[in-house]
Structure formats: structure tokens, C-alpha cells
Amino acid sequence: MKRIVSIQDISCLGKCSLTVALPIISAMGVECSILPTAVLSTHTMFSGFTCKDLTDQIEPIAAHWKASGLGFDAVYTGYLASAQQVDHVCAFFDAFRREGSLIVVDPVMADNGKLYPAFGPEFPGQMARVCTKADLILPNLTEASLLTGLPYRTEYDEAYIKEMLQALAALGPRYAALTGVSFEPGKLGVMYYDRVGGQYGSYFTEHLPATFHGTGDVFASTCVGALMRGMTLGEALALAADYTVESIRLTLETPDANWYGVEFERAIPYLVRRLH
Ligand code: PXL
């Protein structure tokens, strides 16, 4: 069984980051170890959340794993709790990168043109440093614009997306995939670029009329799980998009669904079926 380590926060309630990555990656038949960056009472869209930063735990946990001869087929990072964690996460990549392993960075920090509330203006520059060491990055358009310095647009064409993808890949990763791309009403998806092959690809599916918190984490976790199950990047991104849409569809069908996340749990049978 492939083993990954996911480095992101534990939002104790809120259906995002590790409480999404663990069940999804496990359901896909891939072992998911965790390195929590912080413990929050909820995600940061709730008011009054608590946050215990765990920066000082990253290095000793990594050192114990190294001393015990433990390694990973992939490292997948998401929400980092502070700019101070960036050096530790970069050092972790250097220590655990090995022949054939994959480093996936979801540069979680912003959406809809705005940084998340816990981050200051220096954070995107720090997150860009994490991206330079990745094999694959999975930003949304807001994050891509903050990482590259290119303008954030809500109306755009394929040339703009291709320019953005090239600028993202120029940061260092071989592969960049932009989420939340739409070229026509009713369709939403992902466009990606392989810097080494010089090739673009895309996958579009239904654009459901709602946005939910944590769907980026559902998407990224599924993509990493699918890559570990041997799918190509194009197949992994398509499965991630389809499962995310299925989770949103089931949430919209649930009259008492919570506002803070999607009912990805009810779509797990669909995800598992798609693996066979
Ligand atoms: O879903 C991304 C995410 C992860 N973790 C925390 C967050 C967010 C988005 O706001 O607040 C703590």
C-alpha cells in the first residue's frame, strides 16, 4: 500500500483539511499519515475560532520518522498556519524527497479574490517558496494570481489561463493545475500544464450553483489519492473534479446540510466505485 503524509491543520469541526484528507485518502486504499500544522476549534470561516500553532512539532516529528527509517511515497501539503512554518515544511521536503516520490502543494490561502482572514500580506510570498519545491501545485485562480503577481480576473480566456499556468510552473513545479476554471456558463473544471512536456490538458464538468467551504481540500485529497493509485494526472484531476461535484450535488439535495462544509461522506461510495 502506498503511504503519503499530509501536512495541514486539524480543524476539529468544519470538514476541511485533515478531517477531509484522512477519510478520502483512506477510502481510496492509500495510507495517510499526518503532520498537523495547527489545531483549530473550527475552520476560519467561523467567528471566534481557537488556534494552537504546532510549528515547534514539525521538526521533532520529522526527526523521529527519519531516525526510524520511515519514508513516504508522497507528501501533500495544504493549509499552513503561519509564515514561520514555511522553512520547516521546505526542510521536510528536502529530508523526505526520494526517488519516485511526489510532492503535492495545495497553496491554500485565498479564494474569490481575497486572502483568508488569518493571513497577512507577506504570506503569499512565503507560500510561493513552498511551491518552488513541489512536483505538482493545485492553486485556485486567486491563489495563482497571488503566487505569480499576474492580475486576478473573473472574466478571462484560454490565453490568460495558459499564461497563468506557465507563470506557476516557472516557480519550479513540473506540473501546475488551476482549479475553478470556467470558459462557458454551466461548465467548471481544471486546466493543467506539464512544463517538461510543454503540454496542456483540461477537464470540465457541471458548474453547480453553490460554493462550499472545503471543496478545494476534497479535490486535492482525491487527486493525491488517485495519483497514488496509479492514475495519470489527467485521470486524477478528472476524478477529483467529478467527486467534488458529486459531493456538492448531494449536499444541495440534503435539506438539513450544514453551511460549513460538503457532504463528501455520502459520496464516498461513488468515489470507491470509480476506482474499480
Ligand atoms: O479549506 C481550507 C482551509 C483549511 N484549514 C483552515 C481554513 C481553511 C479555509 O478557510 O480556515 C483552518
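Each ligand, and each atom within it, is numbered from 1 in the order the structure gives. Values reported hereafter were calculated over all heavy atoms of this structure, with side chains retained and with hydrogens, waters and symmetry mates removed.
In this structure, F264 and P23 have side chains that are in contact, with non-hydrogen atoms separated by less than 4.5 Å.
Taking all heavy atoms of Q8, H213, H43 into account, the minimum distance to atom 10 (O) of ligand 1 is reached by H213.
Given atom 5 (N) of ligand 1, the protein heavy atom at minimum distance is D9 OD1, 2.7 Å. In terms of protein heavy-atom proximity, atom 3 (C) of ligand 1 is nearest to Y79 CD1, 3.7 Å. The nearest heavy-atom contact from the protein to atom 11 (O) of ligand 1 is T44 OG1, 2.6 Å.
The atoms of ligand 1 that sit less than 4.0 Å from any heavy atom of S11 are 6 (C), 12 (C). With ligand atoms numbered from 1 in the order given, ligand 1 contributes 1 (O), 4 (C), 5 (N) to contacts under 4.0 Å with heavy atoms of C16. The distance from ligand 1 to the heavy atoms of M45 drops below 4.0 Å at these ligand atoms: 10 (O). Proximity to L40 (heavy-atom distance under 4.0 Å) selects the following atoms of ligand 1: 12 (C).
We find that K187 and E184 are not joined by a salt bridge, their nearest charged nitrogen and carboxylate oxygen being 4.0 Å or further apart. Under 4.0 Å is where a charged nitrogen must lie from a carboxylate oxygen, and between E253 and R249 no such pair does. Taking 4.0 Å as the cut-off between side-chain N and carboxylate O, R98 and D73 count as a salt-bridged pair.
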Verify side-chain hydrogen bond (donor to acceptor under 3.5 Å, both in side chains) between D242 and Y203, making sure each step is shown before the conclusion.
CA-CA 10 Å; D242 288 344; Y203 180 77; 2.7 Å; yes

Test F183 against F204 for ring-ring contact (aromatic ring centres under 6.0 Å, His included), laying out the working first.
CA-CA 9 Å; F183 295 127; F204 294 96; 5.7 Å; yes

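At least one heavy atom of S17 sits under 4.0 Å from some atom of ligand 1.
Ring planes of Y116 and F119: tilted class, angle from 30 to 60°.
With a 4.0 Å heavy-atom cut-off, ligand 1 is reached by the side chain of D217 but not by its N, CA, C or O.
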